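Just so we're clear, the structure is a prediction, and the values are computed from it rather than from any experiment.
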Amino acid sequence: MQKIHCSYFKYCTLIFFCLVLNITSRAQEYGADELFSMARNAAFEEDDYPKAIKLAKQALDQSPDYTGIRIFLGRVYTWSKKTDSARVEFEKVLKDNPGHEDGSFAYGSLEYWNDNSKKALDIVNSGLEVHPDAENLLLLKAKVLRDLKEYKLAQEANSRLLKINPKNTEARSLSQRLTILSAKNQIGATYDFVYFDEQFDDPWHLASIDYSRQTKIGSIVARVNYANRFNNNALQFEVDAYPSISETFYAYVNAGFSDDAGIFPEYRAGFSLYANLPWALEAEAGFRLLGFDDQTWIYTASVGKYYKSFWFNFRTFLTPSNSSVSQSYSFMTRYYLGGADDFLSLRVGTGLSPDNQTNNILYNNGNQYRLKSDNIAIGYRKTLWSTNVVFIETGIQNQEYRQGEKGNQFTIGVGYLKRF
């Protein structure tokens with residue numbers, strides 16, 4: 001009986017070792033590259049991070065110096081919110097390969113996403129010492145510096161990236177916001193000349209001067225507008241604010257009044273909420289209020305999109321009345337030739353705009369009939385000596401000035417900005 005038990009034990013042990021040897025030999029059928037491919041499939045196709053981690057570890061057991069796998073493992077740890085484990089993998093990569101581009105980007109991104117931007121900046125700078133033209137590191141540096149409120153340095157990093165690749169969509173989107181944030185002070189002046197072939201015998205002259213200041217809550221702008229319309233002069237005083245709410249949201253707030261309600265609205269106000277969305281998209285929703293003899297409420301919405309060297313924007317204004325809702329639409333595109341203030345622009349639209357000083361006075365037409373209007377304008381904007389901006393725009397508007405009566409309105413405008 002004892003011999004039977006002994007033989008049975010030996011048989012079971014033999015079967016067990018055969019199974020182990022079979023499993024081991026099957027595992028060894030896969031090389032590091034195959035295991036890496038399986039790990040990526042587990043992460044990206046199956047959303048199974050534990051499986052991806054297990055496979056990546058098996059691959060590293062075979063090839064411990066395979067840098068790509070180790071960076072991938074660190075990234076999967078990051079996505080799994082195992083930040084300490086991710087740091088171990090990234091630090092080993094950068095110890096063995098100082099300034100490694102992908103390793104620096106992955107580790108810097110980890111610290112940036114975890115609100116440790118100072119450490120992220122050190123990591124990114126080390127990577128840029130070895131790879132000074134790396135687009136991903138330059139873009140991450142600009143984002144990190146923006147988070148640290150070092151707006152001017154962020155703009156410098158982003159501008160360098162745009163010089164390397166002007167068609168980088170994400171950098172183009174970031175550039176516009178950084179341009180506003182990076183200048184502590186700005187002064188500006190504009191002039192518009194408006195000629196009519198039918199509606200009025202005398203042209204209009206519109207001008208403005210403004211001063212903006214960057215504050216902790218965002219940019220604040222004070223503006224004085226001048227107009228000569230109907231052979232009368234008037235002034236309008238406005239304040240704009242662009243409070244920053246978060247990295248995603250910011251707002252536009254406007255208030256103004258005039259000393260002559262026949263030349264400008266007696267008072268005006270406005271508000272818009274902007275959202276910076278993924279894929280270089282920006283959305284806006286808000287309202288404008290113009291005070292003439294009666295109040296006119298106008299609601300607006302827009303969506304903008306950066307794509308390589310282009311910016312596209314579609315906007316609508318909706319003006320309710322007792323019997324209907326007047327609608328106006330505009331489409332604008334810019335083609336960037338360099339930085340945020342170097343571009344050609346084209347705008348086409350239909351209807352009135354409360355933000356356009358050359359025709360918003362027509363909201364005061366004394367009745368509920370909404371005047372029809374079609375317009376097109378082209379413009380050019382250029383930066384000179386880094387802190388000076390000049391621009392010019394010209395357009396034509398086929399304007400209904402009374403019900404059933406139309407004429408053409410020709411506008412040419414010039415402007416100048418100085419940042420310091």
Side-chain angles (χ1 to χ4, degrees), residues 135 138-139 142-143 146 151 154-183 186 188 190 212 218-219 221 240 242 244 247-252 270 272-286 300-317 328-351 353 355-356 375-384 386 388-395 411 413-417 419:
E135 292 184 32
L138 284 168
L139 182 60
K143 291 179 179 179
R146 180 189 60 178
Y151 302 123
Q155 180 71 316
E156 289 175 3
N158 201 62
S159 296
R160 174 170 172 74
L161 169 52
L162 286 172
K163 287 180 180 178
I164 296 169
N165 181 8
K167 296 182 179 181
N168 188 302
T169 297
E170 195 170 357
R172 180 64 64 194
S173 175
L174 183 61
S175 179
Q176 194 68 38
R177 187 74 182 129
L178 288 176
T179 298
I180 298 172
L181 294 170
S182 61
Q186 176 182 288
T190 66
S212 65
S219 180
V221 184
D240 296 338
Y242 296 86
S244 179
E247 281 199 16
T248 302
F249 295 101
Y250 71 97
Y252 160 75
S272 282
L273 180 65
Y274 291 85
N276 294 308
L277 303 175
W279 306 297
L281 284 167
E282 182 178 72
E284 173 207 357
T300 186
S302 73
V303 60
K305 165 69 178 174
Y306 287 91
Y307 177 72
K308 295 185 178 179
S309 295
F310 289 91
W311 175 70
F312 304 100
N313 180 269
F314 177 78
R315 175 182 292 279
T316 183
F317 288 107
S328 70
Y329 304 97
S330 67
F331 173 78
M332 174 180 277
T333 184
R334 294 174 183 167
Y335 177 71
Y336 286 92
L337 306 168
D341 284 307
D342 295 276
F343 58 79
L344 296 167
S345 65
L346 170 68
R347 185 181 71 250
V348 293
T350 179
S353 165
D355 295 336
N356 185 345
N375 57 81
I376 183 171
I378 57 173
Y380 176 62
R381 195 174 179 107
K382 174 66 177 174
T383 302
L384 301 173
S386 74
N388 300 272
V389 180
V390 294
F391 52 91
I392 183 170
E393 184 177 87
T394 184
T411 303
V414 295
Y416 170 76
L417 299 175
R419 296 191 176 105

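For Phe343 and Tyr335, the gap between ring centers reaches or exceeds 6.0 Å.
Closest heavy-atom contact between Leu162 and Asn168: CD2-O, 4.2 Å. Of all non-hydrogen atoms in Ser175 and Ala340, the two that sit nearest each other are OG-CB, 3.3 Å. Looking at every heavy atom in both residues, Ser328 comes nearest to Gly351 through CB-CA, 3.6 Å.
From Phe331, atom CZ reaches atom OG1 of Thr316 across 14.5 Å, with rounding to the nearest 0.5 Å. Separating the CZ atom in Arg347 from the CG atom in Asn313 is a distance of 11.0 Å, to the nearest 0.5 Å. The CZ atom of Arg177 lies 5.5 Å from the OG atom of Ser244; values are rounded to the nearest 0.5 Å. Rounding to the nearest 0.5 angstrom, the gap separating the CD atom in Gln176 from the CG atom in Leu181 is 11.0 Å. Of the inter-residue distances, the one linking Tyr252 atom OH with Asp355 atom CG reads 5.5 Å to the nearest 0.5 angstrom. Rounding to the nearest 0.5 angstrom, the gap separating the CG atom in Leu281 from the CG atom in Asn276 is 10.0 Å.
Considering only heavy atoms from C-beta on, Arg172 stays 4.5 Å or farther from Phe310 through its side chain. You'll find the side chain of Arg315 reaches within 4.5 Å of the side chain of Glu284, heavy atoms only. Between Glu282 and Tyr306, every side-chain heavy-atom pair lies at or beyond the 4.5 Å cut-off. Counting only heavy atoms from C-beta outward, the side chains of Asn158 and Arg146 never approach each other to under 4.5 Å.
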* Asked: Passes salt bridge (Lys or Arg N to Asp or Glu O under 4.0 Å), Glu170 versus Lys143? Steps please.
  -> CA-CA 11 Å; Glu170 195 170 357; Lys143 291 179 179 179; 2.4 Å; yes
* Do Val389 and Leu384 pass the side-chain contact (heavy atoms from CB on, under 4.5 Å) test, and can you show the C-alpha distance, the side-chain angles, and the key distance before you say yes or no? -> CA-CA 6 Å; Val389 180; Leu384 301 173; over 6 Å; no
* Derivation and outcome, side-chain contact (heavy atoms from CB on, under 4.5 Å), residues Thr169 and Trp279 -> CA-CA 9 Å; Thr169 297; Trp279 306 297; over 6 Å; no
* Asked: How far apart are the C-alpha atoms of Met332 and Trp311, what are their side-chain angles, what is the distance that settles it, and do they pass the side-chain contact (heavy atoms from CB on, under 4.5 Å) test?
  -> CA-CA 8 Å; Met332 174 180 277; Trp311 175 70; 3.6 Å; yes
* May I have the step-by-step check of side-chain contact (heavy atoms from CB on, under 4.5 Å) for Leu344 and Thr333, ending in yes or no? => CA-CA 8 Å; Leu344 296 167; Thr333 184; over 6 Å; no
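In this structure, Arg419 pairs ionically with Asp341, as a charged nitrogen and a carboxylate oxygen lie closer than 4.0 Å.
At most 12 heavy atoms of other shown residues, nucleotides or ligands fall within 6.0 angstrom of atom OH in Tyr307. The environment of Ile378 atom CD1 is sparse: at most 12 non-hydrogen atoms of other residues, nucleotides or ligands sit within 6.0 angstrom.
A donor atom on one side chain and an acceptor atom on the other are not found under 3.5 Å apart for Ser345 and Arg381.
Considering only residues two or more places apart in sequence or on other chains, Tyr274 meets the ring-ring contact (aromatic ring centres under 6.0 Å, His included) condition with Tyr250.
Counting only distance, with no hydrogens or angles, the side chain of Ser309 and the backbone of Pro166 share a donor-acceptor pair below 3.5 Å.
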